[in-house]
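First the structure, in the form of structure tokens, and then the observations on it.
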Protein chains: 2
Amino acid sequence: MHTRRRYHHGDLRAALLTRAEETLREKGPAALSLRELARDLGVSHAAPSRHFKDKQALLDALALVGFGRLAEAMAAAQRGTGESFAERLRAGARAYVDFATADAELLDLMYSIKHTPEASEELSAAAQRWTEEMMSLIVDAQRRGEVREGSPERVGIEVFSTLHGYATLAASDSLPPDVCTQDLDELVAYILRGCAPEKSA
Amino acid sequence: MHTRRRYHHGDLRAALLTRAEETLREKGPAALSLRELARDLGVSHAAPSRHFKDKQALLDALALVGFGRLAEAMAAAQRGTGESFAERLRAGARAYVDFATADAELLDLMYSIKHTPEASEELSAAAQRWTEEMMSLIVDAQRRGEVREGSPERVGIEVFSTLHGYATLAASDSLPPDVCTQDLDELVAYILRGCAPEKSA
DNA sequence: ACCTGAACACCGTTCAAGT
DNA sequence: ACCTGAACACCGTTCAAGT
């Protein structure tokens with residue numbers, strides 16, 4: 001019975017991240033401590049430092065996981081829908097809001113990371129990739145004549161601001177409960193009006 | 001020279017809040033410690049507990065200050081502008097984004113406070129009052145026929161989501177730098193399109 | 001009423017030493 | 001390569017005691 005565990009249980013790094021995400025969701029960001037994580041996993045309190053030089057490094061890695069999961073959810077949502085901008089936007093909005101309410105603390109972490117130059121390059125890249133997907137959705141819609149012309153970056157930011165604002169407000173329980181997730185369709189309609197092509201076609 | 005200071009410098013509670021806001025802005029939320037605050041103010045590390053039972057209590061009070069300052073800024077912005085919804089929205093948007101970029105960490109704090117039932121009643125009330133002002137702006141605009149009809153709460157949330165999303169993204173440097181604050185007018189135009197009255201008048 | 005000083009249990013980080 | 005154990009400087013919180 002020597003395969004039971006080599007030194008600990010195989011992949012401390014991954015275990016730390018999974019456990020960190022759990023406690024983040026269950027007990028909030030304030031309760032996240034390296035020492036408790038180590039305790040939960042049955043290793044010494046100094047062990048995590050082999051895998052994350054810093055507590056911040058762990059948080060960065062956690063945010064990275066978040067962006068990965070989010071990108072995945074968005075991609076999946078896009079696969080199961082039609083080609084029109086309205087449909088793709090609706091699917092994306094649903095996926096984003098679902099992610100935000102299911103993983104509110106993680107989303108918070110993803111955006112509380114100051115995107116300063118010295119922040120993890122991987123992380124910036126992930127955030128970058130994420131916004132680029134947003135942009136390509138807009139560019140496509142412009143090509144199809146379903147979104148007004150002009151800088152896709154500007155339009156993308158407007159759309160994304162609405163989505164992001166709604167999702168974070170929903171995630172922090174700052175929305176009147178009766179308005180919550182049901183009428184996402186209304187939000188989508190509002191966004192569509194905001195970026196609809198000019199009438200004089 | 002006995003008036004120099006009574007016991008310390010008069011109003012520790014206020015001093016703690018002011019200093020806390022400073023360090024929040026200058027060194028971020030992670031650097032905010034009761035003990036350092038006490039050190040900065042030249043009192044013992046146990047002194048703050050007379051005024052805030054908890055670190056969380058201080059954070060709540062800080063968030064409350066934030067809502068106060070924000071409401072003030074918004075009111076001031078409204079006073080210096082015209083009566084049309086477009087003008088009032090533009091002024092409000094400018095004030096909100098300015099607040100968010102000037103006091104990013106504070107805004108973060110204000111919305112990271114879970115608005116749970118047991119959260120400070122004062123705080124919930126402040127947040128409430130703040131959204132109500134938003135709503136009255138919408139109701140007014142509806143009366144003037146400048147905003148589409150329907151639940152003012154729903155429209156308000158749409159408008160506020162866009163503003164809040166934009167402001168927080170700007171505050172966390174998640175916006176392409178070239179898009180930043182200049183074209184707030186474009187954002188306002190987008191919002192106006194989103195909540196404009198139906199064409200069939 | 002307001003503050004101090006000591007005490008307690010907890011952190012993050014580092015570093016020699018073990019396997 | 002990966003982890004331990006002890007050490008250090010820092011926390012938040014509490015509580016008797018001082019003025």
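Chain A is the first sequence line, chain B the second, and so forth, proteins listed ahead of strands; every chain is numbered from 1.
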Of all residues at least two apart in sequence or in a different chain, which pass the salt bridge (charged side-chain N to carboxylate O under 4.0 Å, His left out) check with [X]?
X       : result
B:Glu83 : B:Arg144
B:Asp54 : none
A:Lys53 : none

How far does CZ of B:Phe85 sit from CD of B:Gln142, to the nearest 0.5 angstrom? 9.0 Å

Under a cut-off of 3.5 Å for both distances of each Watson-Crick or G-U pair, what dot-bracket string does DNA chain D give, using [ ] for crossing pairs and | for inter-strand pairs? ||.|||||...|||||.||

Pairs touching residues 63-79 of chain A that satisfy salt bridge (Lys or Arg N to Asp or Glu O under 4.0 Å), sequence neighbours left out: A:Glu21-A:Arg69

Distance-only side-chain donor-acceptor flag, B:Tyr190 / A:Thr162, under 3.5 Å: yes

Are the charged groups of A:Glu36 and A:Lys27 less than 4.0 angstrom apart, N to O? yes

Salt bridge check, B:Glu158 against B:Arg154: does any charged N sit closer than 4.0 Å to a carboxylate O? yes

Whole-Å distance between D:dG5 P and A:Arg39 CZ? 15 Å

Would you kindly give the CG-to-C1' distance between A:Leu41 and D:dT4, to the nearest whole Å? 16 Å

With B for base contact, S for sugar-phosphate-only contact and - for none (protein heavy atoms under 4.0 Å), nucleotides 12-17 of chain D reads BBBB--

